[in-house]
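Take a look at the structure below.
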Amino acid sequence: LHFPRVYIYKYLLSVSFINSYTHTVKKKRNKKVKIFCNRFLEMSNPSERCYRTEQLIMNLRESSIREAVLIELNNFIIEQSTEAMRMDLGFHLWNSELTLTILLQEVVAVYPKLLDPTLTMTECTRLCNALNVIQCVASHPDARIGLLKANIPYFLNPFLRISENVMRPLRFVTLSILNLISALAKFDESYGQEILLLLLDTQVVPLCMHCILRGDQLIRKVATLILMKILMQEKGLKYCCALPARFLLVIQVLHQLVDTFTSEIPCSQQLKYVVQCCLSLSRVAWVGGVYDTVRTNFPKQLIDNTFGIITRDDPEIPNMLHQLVLNLTRQPPQ
């Protein structure tokens, strides 16, 4: 596995912060943390909840109980009943001292095992818990742009570049990372276009296409969702169409994805992601003389009723396919 210089440089910067991890958590301390955090879940008073948040953040700094604290933090995130509560927790985590550094340590500590995939299920779970906490941080708009400006996605890229053989045992890690990137890819807010440009700089498009080609069905679904979000933005569409080779690769990857649907029947949501990607690409079919490329490589199964049973479950898909046919038959793109 080859790591670009930027990852090696960032890894070396992070090594000085990494503590020696304890593989066994002391039973008494673990039990104390569990009781402590369960009380946190039961509290409804905002001031008490804030106090317990600070206590969990403080406990996260102790390497000997960090694994247990990450579990409890994830349990608390799951228990959040409203978007406002998740954003509030993300805000506290983002503004707390050393929290992101500690979470980043959890990610960087796994790098050496990517060369020789020997991660245990316990280690994978611990890493996924850390990634889920970062995803909670990304629920707050200010934190989203902050995470991108801090180059956090660059630390995650090595997990998305791995080969198919390595990706299988790390599928839950890959899925957690893609869910985190999808949470960052919110372009309909005040920082939306800046977030888009920062994400494009991280090579998110080729990485998503790699996951579509090499991942399992769930990984392909989330990677396609991210690609769809980008293609629905004008600047994202221009990025994908800027180079003929890049444009052709996007279409070919989508075609290969549709080919897999013959053996792995997709849900209507996943099919809609693919149709929307093709619809976005078809809207630039007249630009730069790429019309023939679109027509030649377009997955015909989408419009020959191959997935008729699936499209009946969602009335929006036939409407999208109708517009897609119009765009591909030289009707004025909408």
request  = Identify the two heavy atoms, one from Asn74 and one from Leu70, that lie closest to each other, and give their separation to 0.1 Å.
outcome  = ND2-O, 2.8 Å

inquiry  = Applying a strict under-4.5 Å side-chain criterion to I, L, V, M, F, W and Y, I'd like to know whether Phe307 and Val325 cluster together.
reply    = yes

query = Given the rule in the side chain to side chain contact (heavy atoms under 4.5 Å, CB included) test, do Asn132 and Leu73 qualify, once you have shown the distances and angles that lead to the verdict?
reply = CA-CA 9 Å; Asn132 290 341; Leu73 264 175; over 6 Å; no

request  = Given side chain to side chain contact (heavy atoms under 4.5 Å, CB included), test Asn59 with Glu72 step by step and report yes or no.
outcome  = CA-CA 11 Å; Asn59 287 337; Glu72 297 302 331; over 6 Å; no

task = Measure the shortest side-chain to side-chain distance between Phe172 and Cys124 over non-hydrogen atoms and say whether it is less than 4.5 angstrom.
result = no

remark   = Rounded to the nearest 0.5 angstrom, the CD1-CG distance for Ile134 and Leu156 is 6.5 Å

task = Establish, from distance only, whether the side-chain atoms of Asn327 and Gln323 form a donor-acceptor pair under 3.5 Å.
result = yes

task = Give a yes or no on whether Leu131 and Ile71 share a hydrophobic cluster (residues Ile, Leu, Val, Met, Phe, Trp, Tyr; joining criterion: side-chain heavy atoms under 4.5 Å apart).
result = no

query = If Ile, Leu, Val, Met, Phe, Trp and Tyr residues are connected whenever their side-chain heavy atoms lie under 4.5 Å apart, and connections chain through other members, are Ile212 and Tyr273 in the same group?
reply = no

ask   = Considering only heavy atoms from C-beta outward, does the side chain of Phe159 approach that of Leu207 to under 4.5 Å?
value = no

Between side-chain atoms of residues 217-229 and protein atoms elsewhere (two or more places apart, or another chain), which donor-acceptor pairs fall under 3.5 Å?
from	atom 1	to	atom 2	distance (Å)
Gln217	NE2	Ile265	O	3.3
Arg220	NH1	Gly215	O	2.9
Arg220	NH2	Glu264	OE1	2.3
Lys221	NZ	Gln269	OE1	3.0
Thr224	OG1	Arg220	O	2.6
Lys229	NZ	Ser182	O	3.0
Lys229	NZ	Ser182	OG	3.2

query = Are Asp216 and Leu175 side-chain neighbours, meaning at least one heavy-atom pair lies under 4.5 Å?
reply = no

Glu189 versus Pro141, closest heavy-atom pair with distance = OE1-CB, 4.2 Å

inquiry  = Is there a side-chain contact between Ile181 and Leu160 in this structure, where contact means two heavy atoms from C-beta onward sitting under 4.5 Å apart?
reply    = yes

key: Test side chain to side chain contact (heavy atoms under 4.5 Å, CB included) applied to Phe298 and Leu324, step by step   = CA-CA 11 Å; Phe298 175 75; Leu324 181 58; 3.3 Å; yes

note = On a heavy-atom basis, the closest approach of Leu148 and Leu184 is CD2-CD1, 4.3 Å

message = Can you list everything that forms a salt bridge (Lys or Arg N to Asp or Glu O under 4.0 Å) with Asp314? Sequence neighbours excluded, please.
response = Lys272

key: For Leu257 against Gln270, the heavy-atom pair lying closest together   = CD1-NE2, 4.4 Å

ask   = Between Arg126 and Glu123, is there a salt bridge with N-O shorter than 4.0 Å?
value = no

task = Determine the minimum heavy-atom distance between His92 and Glu54, stating which atoms define it.
result = ND1-OE2, 3.7 Å

Arg246 side-chain N/O to Cys240 backbone N/O, donor-acceptor pair under 3.5 Å = no

Cluster check Leu89, Met85: I/L/V/M/F/W/Y, side chain < 4.5 angstrom = no

inquiry  = Arg312: which residues meet the side chain to side chain contact (heavy atoms under 4.5 Å, CB included) condition with it, sequence neighbours left out?
reply    = Ile309

ask   = Does a side-chain heavy-atom distance below 4.5 Å link Gln135 with Ile77?
value = no

ask   = Is the backbone N or O of Thr202 less than 3.5 Å from a side-chain atom of Asn157, with the two atoms forming a donor-acceptor pair by type?
value = yes

task = Could you tell me the separation between the CG atom of Leu302 and the CG atom of Leu254, rounded to the nearest 0.5 Å?
result = 9.0 Å

ask   = Are any non-hydrogen side-chain atoms of Phe187 and Met232 less than 4.5 angstrom apart?
value = no

Met209-Leu248 co-clustered via ILVMFWY side chain contacts under 4.5 Å = no

task = Apply side chain to side chain contact (heavy atoms under 4.5 Å, CB included) to Leu100 and list each qualifying residue two or more places apart in sequence or on a separate chain.
result = Trp94, Val137, Leu147

message = Is there a side-chain contact between Asp259 and Gln301 in this structure, where contact means two heavy atoms from C-beta onward sitting under 4.5 Å apart?
response = yes

request  = For the residue pair Phe91 and His140, categorise the inter-ring angle as parallel (less than 30°), tilted (30 to 60°) or perpendicular (more than 60°).
outcome  = tilted

inquiry  = The criterion is salt bridge (Lys or Arg N to Asp or Glu O under 4.0 Å); which residues satisfy it with Glu234, sequence neighbours excluded?
reply    = Lys238

ask   = For Asn129 and Val133, what are the C-alpha separation, side-chain angles and deciding distance, and is it a side chain to side chain contact (heavy atoms under 4.5 Å, CB included)?
value = CA-CA 6 Å; Asn129 286 337; Val133 176; 5.7 Å; no

Atom pairs and distances, side-chain donor-acceptor, residues 274-281, under 3.5 Å, sequence neighbours left out:
from	atom 1	to	atom 2	distance (Å)
Gln276	NE2	Ser280	OG	3.3
Ser280	OG	Gln276	O	3.1

key: Considering all heavy atoms, the nearest Thr311-Gly308 contact   = OG1-O, 2.9 Å

query = Between Tyr239 and Phe247, is any pair of side-chain heavy atoms under 4.5 Å apart?
reply = no

